[in-house]
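This report refers to the structure that appears directly beneath it.
Count residues from 1 along the sequence.
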Amino acid sequence: MTDDTAPRDTAPRDTAPRDTAPRDTSPRDTSPRDTSPRDTSPRDTATLDLGPQTRVLARLAEGVGDARLADPTPCPDLAVRNLLGHLTGLAVAFRDAARKDLGATTDTAPEAAVPDVGPGWHEELTAALGELAEAWRDPGAWTGMTRAGGIDLPGEVAGAVVADELVIHGWDLARATGQDYDPDPAALRAAYGLLSAAAEESDRDEGMFGPVVDVPAGAPLLERAVGLSGRDPGWTRPAHP
C-alpha cells in the first residue's frame with residue numbers, strides 16, 4: 001500500500017514556479033509603447049499640404065482687377081486692397097514661422113497697421129503663397145515652438161491657424177470680388193476644427209475672431225466655418241456701378 005501513497009504522486013511538478021513565472025504578467029502589455037503620442041503627433045497634421053489652398057487663393061487674386069481694389073469685403077474696415085495686403089503679410093509671416101526664422105515678420109501683430117498693396121501686388125502675393133506652402137512641407141515646421149503675430153505657439157497649432165486664415169480669407173476675397181469659391185477640402189476641415197474648438201472653449205457667443213454667427217447644423221461645412229469665424233455666410237457685395 002505504501003506504493004499507492006508514495007510522494008511521487010504528489011510531486012510539486014504541477015505547481016512548479018515555472019507555471020507562475022512573471023512571463024504572463026510581464027510589463028510588455030502595459031509598456032509606454034501602447035500609450036505613445038503617435039496618434040496626436042505633429043506628423044498627423046503635417047500631412048496637410050497647404051499647396052492646394054494657396055493655389056486657390058492665387059487663382060482668386062488673378063481675378064481681381066484694379067477697379068475692385070477699393071470695394072468692401074466681409075472683413076470690417078478692410079477694402080479688397082487691404083485684404084490682399086493682409087494675405088501677403090500673413091503668407092510671409094507664417095512662412096518664416098514655419099522656418100523658425102523669427103524676427104520682425106513674426107513679431108508684428110496683424111493689427112499694428114492697416115495693410116495695403118503696391119503696383120506689383122499680384123506677383124508679390126503669388127510668390128509669398130508659393131513660399132508659404134513650400135515652407136510647411138518641411139516636417140520640422142510642425143514640431144517645436146514658433147511665433148506668429150507676436151504670439152509664441154506650437155508649430156502644429158501655427159499650421160492649423162494659417163490653414164484657417166487661408167480658407168476664411170479666401171472666402172472673404174471671393175465674396176468681395178464676385179468669384180466662385182471651392183476651398184481645398186483638407187484645409188477646410190482643419191479650419192473648421194480650429195474654429196469649432198475655439199468656440200467650445202470660450203463663451204458660445206465668442207469665437208476666435210468675434211461673435212459666432214449661428215448657422216444651421218445641416219449647412220455646408222464652409223458656411224459653418226464662416227459662421228464660426230464671426231462672418232455672415234449670406235454676406236454679398238454691394239452692387240458695383
Going by heavy atoms in the side chains, are V226 and P233 under 4.5 Å from each other?
yes
So if you build clusters from Ile, Leu, Val, Met, Phe, Trp, Tyr with side-chain heavy-atom gaps below 4.5 Å, do L153 and L102 land together?
no
So, for W171 and R231, which heavy atoms are closest and what is the spacing to 0.1 Å?
CZ3-CD, 3.9 Å
Using the side chain to side chain contact (heavy atoms under 4.5 Å, CB included) rule, take I168 and L195 through it: C-alpha gap first, then chi angles, then the decisive distance, then the call.
CA-CA 10 Å; I168 298 301; L195 292 166; 4.2 Å; yes
Within 45° of the six-membered ring axis of Y181 and under 6.0 Å from that ring's centre, is NZ or CZ of R175 located there?
no
Reported CG-to-CG distance for the pair L166 and L188, which is rounded to 0.5 angstrom:
12.0 Å
Minimal heavy-atom distance between L48 and A187, with the atoms involved, is CD1-N, 3.8 Å
Heavy-atom nearest pair, V80 first then P72, reads CG2-O, 4.3 Å
With rounding to the nearest 0.5 angstrom, report the CG to CZ distance, D116 to R81.
4.0 Å
With D66 via side chain to side chain contact (heavy atoms under 4.5 Å, CB included) - residues at least two apart:
L69, W121
Applying side chain to side chain contact (heavy atoms under 4.5 Å, CB included), run through V64 and Q179 and close with a yes or a no.
CA-CA 9 Å; V64 180; Q179 299 185 70; 3.9 Å; yes
Could you pull out all donor-acceptor pairs under 3.5 Å where a side-chain atom in residues 84-98 meets a protein atom, sequence neighbours excluded?
from : atom 1 : to   : atom 2 : distance (Å)
H86  : NE2    : H169 : NE2    : 3.2
T88  : OG1    : L84  : O      : 3.0
R95  : NH1    : E131 : OE1    : 2.6
D96  : OD2    : T105 : OG1    : 2.6

Donor-acceptor contacts under 3.5 Å from residues 215-223 side chains, at least two apart:
none

Locate the shortest heavy-atom distance separating P74 from W235; write the atom from each residue and the value.
CG-CE3, 3.5 Å
Are any side-chain N or O atoms of N82 and backbone N or O atoms of A79, one a donor and one an acceptor, separated by less than 3.5 Å?
yes
Side chain to side chain contact (heavy atoms under 4.5 Å, CB included) between L132 and T54: does it pass, once the steps are laid out?
CA-CA 8 Å; L132 171 70; T54 58; 4.2 Å; yes
Is there a continuous path of hydrophobic side-chain contacts, each under 4.5 Å between heavy atoms, that joins L173 to L78?
no
Could you tell me whether the side chain of K100 and the main chain of R147 form a donor-acceptor pair under 3.5 Å?
no
Could you report the tightest heavy-atom contact between G193 and S196, atom names first, then the distance?
O-OG, 3.2 Å
Compare every heavy atom of T146 with every heavy atom of A158, then report the nearest pair and how far apart it is.
CB-CG2, 3.8 Å
Atom OG in S229, atom CG in D172: separation rounded to 0.5 Å?
7.0 Å
Taking atom CD of E200 and atom CG of L228, what is their separation to the nearest 0.5 Å?
9.0 Å
Once you round to the nearest 0.5 Å, how far does CZ of R55 lie from OG1 of T126?
12.5 Å
Is it true that E62 and R59 make a salt bridge, defined as a side-chain N closer than 4.0 Å to a carboxylate O?
no
Kindly compute the distance separating CD1 (I151) from CG (D107), expressed to the nearest 0.5 Å.
11.5 Å
